[in-house]
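Taking it in order: structure first as structure tokens, then the write-up.
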Amino acid sequence: MQRPVWLLSLDSDTFPAAPMTTGGLKAYYQELGKHPDAVDIQLVHFVNHPERIPQWLQQWQRDELPRAEAAIAQGLQPVMGFSVYTWNAAEFLDLMRQVKALCPQLLIVAGGPHVQKARDYLFSEAVDIIVLGEGEATFTDFLDAAGPEQWHDVAGLAFVENGELVQTAERPRFRNLNLLPSPLNVISLLDSEGKPYDCIAYETSRGCPYKCAFCEWGTGAIGTKMLSFSVERIRHDWNYIVDAGIKNIWLTDSNFGALKEDVEKAKVLCEIKQRTGLPHTFATSWSKKHGSRSQEIVLLLHQNNLLPHYHLALQTLTPLALELCHRTNMDANKYEPIAREMAKARVPIACELIWGLVGDNLPSFEKNLDRLFAVFPTINIFGYTLLPGTEFYDKREEYKIETLPVAGYGKAKGEYVVGCMSFPVEEGLEGYFLITAHLLMSRGYMLPLTLRYLALSEAVPVAGMMRAILHALCIEFSEEIPGLDAAERMGVYEFREELFVTAYTHPERTYACVRQVTLQWIDEHMDNQLDAAGLKQRVQQLLDLDQAFAPHVGATREVVASFDFDANAVIDTLESMEMPAAELFDEKPTDVSIHIPGGVGDIIKDPDGGVWIHAERTSSKEEHAAKLQPVTVQALAVSA
């Protein structure tokens, strides 16, 4: 009989993709293993449905366990491999314990970025072997090894022998990626219902030149030198992918735009889009230099309607945090002119920040956030999750890092950083309260125009005002949301969906609360009462706009809203990240036709979805595009 091998994968909850990682392991063994006909490798892909695991386990116990036991009886040790990431570690560690209890002689092999600190898992979890670094060749050599006595000869393994940790020789990285067989040779691009997967995670390169202390990318499995697959191979694979009907291609590259070949890759993608209409979207992690090459690629993708967002991964602007993270060579000042010009061209540019990095503190973080509100139309803020295999993880005692477990992760070692040497726990928790406030008011589209205007005016602090508004909303809706307590700063995040839906179910109460806090905030933070009065008048008008264009409950509908000022001109100016002139707020009755998608509470419950279902003007895109300034690559270029 054949030796049974199961390779398991589980995507994050927002990314239902084809099983490329485990597919790569199977493809490599089938082409380069010594005994491919003697090994039966089955791919088990839960997509983004962890709730399917119990049913699968019952099926495995009924149908596959007898096969595993029969193999053992014939001297063939069955293997179950897990591709482990932070988002699936809890589920997979639990599943490992269950299958090991059912079949103690089953070999459990784990690989992936979350388990690269082998000691943390081999002595306390139901894991027999961990693959370190790139997995294709290591896993193949492991399967070809006659038994444990030959594991020492397989580079890139970690296991326990006689109570001691054994780590074999480090496996050199692949230098010619084209020698790796394509996962597309062995996987189906149709899901369990026979439909094309919504998206695919595809790598055109490996490696990351940076060694950020919070990230495992450049310091762990894939190394610092960037290497690329050939454009010819990528072209072949992408054509195959879109021919299968997959609508979205998301790259796993660390720094797309850093390699000269990346321009040609982008051109290939645009050619395929022009010919087939697919993919609908393309996403990646961009080069941290954001030089002329990246700008050329961004504009090319934008012109071909392939770019849902262009993210600049700033993460922090605080000098000490930048130093400790090893990111001092990433000066945010370079990005401001790029961001402003991209915004004028309506390129969907955004930046990323991480709250909780060692070296940061809340006053500095909020000051930097205020600055970025005046530069970027979209900002994403993430809480810092301490990841195994990173420098900060190894130095947690030195940096006095304090954490709380990420909900549901347990022994998976998912930990939110809530305190460290540069900020106390109370401040750390307040930072997570800020994240919730930002989710509701910026990402949730509660008052994006008001926030942008106040940031551009530099008249009052904006981030602190968001926290004050969120505190007031928690009190306002405490009866509608049992358990919601503004004093539990970290806990409020768990109620973000209920807050989002409830706030838009009762928009009049919501915006009355927002107005009261905002106007009081201006009074408290401006000394010149005359200036404060003028600002409050304009903010009242902006809040009228924000309420009109916010997400709504109910069905899709068209409405006409009346304003007492030049609403269109104000919106156009703010969308270009510029300060509207004072006279634009003078009396000028304006009617604006608005398309309201509706769907809050039905289609969308997460505040992060507010940016996708908020109301919009129904006037043609061409009409507004005619007002925009053209953008050239040369105008945006910075030194690479």
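Checking side-chain atoms of Asn248 against main-chain N and O of Asp198 turns up a donor-acceptor pair under 3.5 Å. The closest donor-acceptor contact from the side chain of His302 to the backbone of Val298 lies at 3.5 Å or more, if one exists at all. Checked by atom type and distance alone, the side chain of Tyr445 never pairs as donor or acceptor with a backbone atom of Trp612 at under 3.5 Å. Side-chain atoms of Arg467 never come within 3.5 Å of backbone atoms of Gly464 as a donor-acceptor pair (strictly under, hydrogens ignored). Side chain of Thr590 to main chain of Lys588: a donor-acceptor pair is present (N/O by atom type, distance under 3.5 Å, no hydrogens or angles). Side-chain N or O atoms of Arg443 include none that pairs as donor or acceptor with a backbone N or O of Asn380 at under 3.5 Å. In this structure a side-chain-to-backbone donor-acceptor pair under 3.5 Å is missing from Asp11 to Pro16. Side-chain atoms of Asp370 come within 3.5 Å of backbone atoms of Ala463 as a donor-acceptor pair (strictly under, hydrogens ignored). Between the Trp521 side chain and the Pro461 main chain, a donor and an acceptor come within less than 3.5 Å of each other. In this structure, the side chain of Thr502 engages the main chain of Glu498 through a donor-acceptor pair within 3.5 Å.
A cation-pi geometry, defined here as NZ or CZ lying under 6.0 Å from the six-membered ring centre and within 45° of its normal, does not hold between Arg52 and Phe46.
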(message) Using ring pair (Phe, Tyr, Trp, His ring centres under 6.0 Å), reason through Phe282 and Phe256 one step at a time and then give a plain yes or no.
(response) CA-CA 12 Å; Phe282 168 91; Phe256 191 68; 5.5 Å; yes
(message) Is there a side-chain hydrogen bond (donor to acceptor under 3.5 Å, both in side chains) between His45 and Asp191? Walk through the geometry before answering.
(response) CA-CA 9 Å; His45 187 41; Asp191 63 19; over 6 Å; no
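No side-chain donor-acceptor contact under 3.5 Å links Thr618 and His595. Using modelled atom types, one finds a donor on one side chain and an acceptor on the other under 3.5 Å when comparing Asn368 with Thr318. A donor and an acceptor atom, one from each side chain of Gln540 and Asp544, are nowhere located under 3.5 Å apart. Gln520 and Gln516 share no side-chain donor-acceptor pair at under 3.5 Å. No donor-acceptor contact under 3.5 angstrom links the side chains of Ser576 and Arg340, judged on distance only.
No more than 12 heavy-atom neighbours from other residues, nucleotides or ligands sit within 6.0 angstrom of CD on Glu458. For CD of Glu51, the number of neighbouring non-hydrogen atoms (other residues, nucleotides, ligands) closer than 6.0 Å is greater than 12.
Taking the six-membered ring where tryptophan is involved, the planes of Phe92 and Phe82 are perpendicular, since the angle between them exceeds 60° and thus also 30°. Using a 30° and 60° split on the angle between ring planes, Phe373 and His438 fall in the tilted class, from 30° to 60°.
Between Leu535 and the options Asp523, Ile522, Leu519, a side-chain contact (heavy atoms from CB on, under 4.5 Å) holds for only Ile522.
Using a cutoff of 4.0 Å between basic side-chain nitrogens and carboxylate oxygens, Asp572 and Arg617 are scored as salt-bridged.
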